[in-house]
Amino acid sequence: MANTFKKLRKKFRRRKMMAEKALLERKQNTASGTDHHQSRLLRRRIEALKRILTMTAIAVLAVLALVLYFQKHCYYDYKILKTSEQEDVVSTQYVELNGKILRYTPDGVSLVNRSLETVWSDIYKMQNPMADVRGERAVIADRDGTSMRIYGKDGLEGSVTTSYSIVKARISSNGLVAAILDGGGDTWINFYASDGSLIAENQTKIDDPGFPLDVAVSDDGQIMMVAYQFVDGGDTTSYVAFYNFGDVGQNEDDRIVSGYHYEGVVIPQIQYLSNSRSVALRDNGFTLYRGKQIPKETKTIEVEKEIVSTFYDDDTIGMVFKNDDSENLYSMEVYSADGKLKFRREFDVPYTTIRMSDGYIIMYNSSQVAVLEDDGTEKYNGTVEGTLNDFFKIGWNRYFMVLDTGVNIMKFS
């Protein structure tokens with residue numbers, strides 16, 4: 001009986017051990033299966049991520065290649081997209097205004113889009129209209145007359161009748177206008193709000209501070225920059241003055257917060273590049289200034305060669321010099337707005353007009369056009385059919401071309 005009990009107990013322990021062993025094996029198999037499943041899911045996720053990264057990299061490289069292609073691609077032909085042969089190109093002048101075209105005549109002005117559809121128009125009477133634009137704002141003034149009209153994106157915002165003949169008018173991006181007026185023996189520099197109301201007037205004399213050659217306004221309309229010229233002991237001297245019409249300038253004489261004299265230098269042109277940066281284009285180079293409230297001189301680039309032409313926009317300043325080389329008539333130096341040289345290059349385009357237009361350098365004469373990017377890459381250099389009067393950029397690969405027979409919207413192909 002005892003032996004039977006021992007045998008049963010031994011058999012029971014053996015079965016228990018076998019059951020525990022089987023349970024352990026099942027747990028191990030289950031854990032192994034779970035790990036394998038998780039490992040398989042992880043591998044799949046890694047492979048999917050690799051595919052996504054690979055596809056993204058290929059897409060980015062394709063976009064970069066496409067961008068590089070269009071940046072470096074030189075066109076050899078052009079295509080006319082839109083034509084208007086009803087334009088009076090003799091008496092009409094055109095200027096780019098925030099991707100649209102402002103066309104103005106002695107009888108009125110209109111803004112048209114790239115389909116040559118009229119956005120708005122206004123009627124006036126001027127003998128010799130001239131325009132200045134900044135952002136979505138424009139001023140049209142009657143040169144040697146007394147009438148000015150101030151426009152925004154929706155049309156007329158204000159008008160001015162001055163007491164003296166208008167020499168020059170410049171507008172800021174918020175619609176404030178500075179004008180040089182000829183008062184006979186003296187000149188006046190007046191400052192107007194966008195509705196045409198007078199903000200300030202400043203009488204100048206030929207000997208103090210000099211004759212004003214140009215005027216510019218900061219984007220916010222707070223700073224007015226004026227370039228004067230006077231003769232001191234037989235030498236020509238230029239004086240660049242900054243007038244602050246905000247709180248900072250109220251305690252300064254004539255609101256002049258900073259000014260710089262340049263002996264033996266002529267400064268025919270000045271320009272605000274942004275709200276805090278401006279440039280004086282000199283007959284021997286250019287000078288840069290920076291400061292929102294009290295502008296300070298930051299850098300001067302001087303050149304020894306005679307400057308034939310200058311061109312600029314908010315980011316670029318360029319100078320053209322004449323060469324003695326018969327194969328390359330001209331050379332140009334192009335700088336960034338902080339005075340760093342971008343490139344030098346020679347070229348042989350016998351241009352009559354050179355300008356910056358929508359970030360591109362445009363050169364043309366009556367039959368030839370050349371277009372460069374601001375790094376010197378040539379986009380187009382060729383002839384056009386008809387007699388060319390004006391040419392500027394109005395969008396990506398879109399250009400406005402004024403011929404003696406009408407106007408065209410075109411693209412290079």
Side-chain angles (χ1 to χ4, degrees), residues 132 134 139 148 160 162-164 166-194 197-233 235-283 285-300 337:
D132 184 60
R134 185 72 176 171
V139 58
M148 286 196 301
V160 178
T162 62
S163 301
Y164 304 102
I166 301 168
V167 177
K168 186 169 291 188
R170 305 290 287 276
I171 194 167
S172 70
S173 59
N174 66 352
L176 276 72
V177 174
I180 300 175
L181 308 178
D182 183 4
D186 301 327
T187 55
W188 295 78
I189 302 176
N190 288 4
F191 206 40
Y192 301 92
S194 59
S197 59
L198 180 66
I199 296 176
E201 57 183 358
N202 181 39
Q203 184 180 13
T204 70
K205 296 184 180 296
I206 192 66
D207 56 345
D208 183 25
F211 182 79
L213 294 182
D214 202 5
V215 62
V217 189
S218 62
D219 284 351
D220 61 7
Q222 186 164 268
I223 304 292
M224 181 174 68
M225 179 185 184
V226 183
Y228 296 97
Q229 182 177 321
F230 62 94
V231 177
D232 184 14
D235 294 328
T236 297
T237 299
S238 292
Y239 174 53
V240 175
F242 292 90
Y243 298 78
N244 188 314
F245 291 97
D247 294 338
V248 174
Q250 63 183 353
N251 295 323
E252 303 293 336
D253 291 341
D254 295 328
R255 289 189 172 268
I256 298 177
V257 291
S258 60
Y260 300 90
H261 288 88
Y262 303 98
E263 296 182 1
V265 174
V266 177
I267 300 178
Q269 198 170 18
I270 55 177
Q271 176 67 31
Y272 254 91
L273 307 176
S274 69
N275 199 45
S276 62
R277 298 181 303 166
S278 56
V279 61
L281 297 163
R282 308 152 44 127
D283 62 351
F286 62 89
T287 297
L288 296 167
Y289 309 86
R290 183 181 290 270
K292 288 186 177 181
Q293 298 292 337
I294 305 176
K296 301 293 184 182
E297 183 181 287
T298 59
K299 191 170 186 177
T300 294

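This is a predicted model, so every value here is computed, not measured.
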Should [X] and [Y] count as side-chain neighbours, where that means a heavy-atom distance under 4.5 Å?
X: Leu281; Y: Gln271; answer: no
X: Thr287; Y: Tyr289; answer: yes
X: Leu288; Y: Arg277; answer: no
X: Ser163; Y: Trp188; answer: no
X: Thr300; Y: Arg282; answer: yes
X: Ile171; Y: Val217; answer: no

Give a yes or no on whether a salt bridge exists between Asp214 and Arg170, defined as a side-chain N under 4.0 angstrom from a carboxylate O.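 Yes.
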List for me each residue that meets side chain to side chain donor-acceptor pair (under 3.5 Å) alongside Gln222, sequence neighbours excluded, and say none if there are none. Gln293
Are Phe191 and Tyr243 an aromatic pair by the rule of ring centers under 6.0 Å?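 Distance test on ring centres: not under 6.0 Å, no.
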Do side-chain atoms of [X] reach the backbone of [Y] as a donor and acceptor pair under 3.5 angstrom?
X: Tyr260; Y: Glu297; result: yes
X: Ser258; Y: Lys296; result: no
X: Thr204; Y: Thr187; result: yes
X: Asn174; Y: Asp220; result: yes
X: Arg255; Y: Gly246; result: yes

If every non-hydrogen atom of Ala216 is compared with every non-hydrogen atom of Tyr272, which pair is closest and at what distance?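 Answer, listing the atom of Ala216 first, then Tyr272: CB-N, 4.0 Å.
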Here the pair of heavy atoms bringing Ser173 nearest to Asp219 is OG-O, 3.0 Å
Report, as yes or no, whether the 6.0 Å neighbourhood of atom CD on Glu263 holds more than 12 heavy atoms from other residues, nucleotides or ligands. no
With respect to Asp182, which candidate in Val167, Ile166, Thr162 satisfies the side chain to side chain contact (heavy atoms under 4.5 Å, CB included) definition?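 Only one of Val167, Ile166, Thr162 forms a side chain to side chain contact (heavy atoms under 4.5 Å, CB included) with Asp182, namely Val167.
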Over 60° means perpendicular and under 30° means parallel, so tell me whether Phe230 and His261 are parallel, tilted or perpendicular. perpendicular
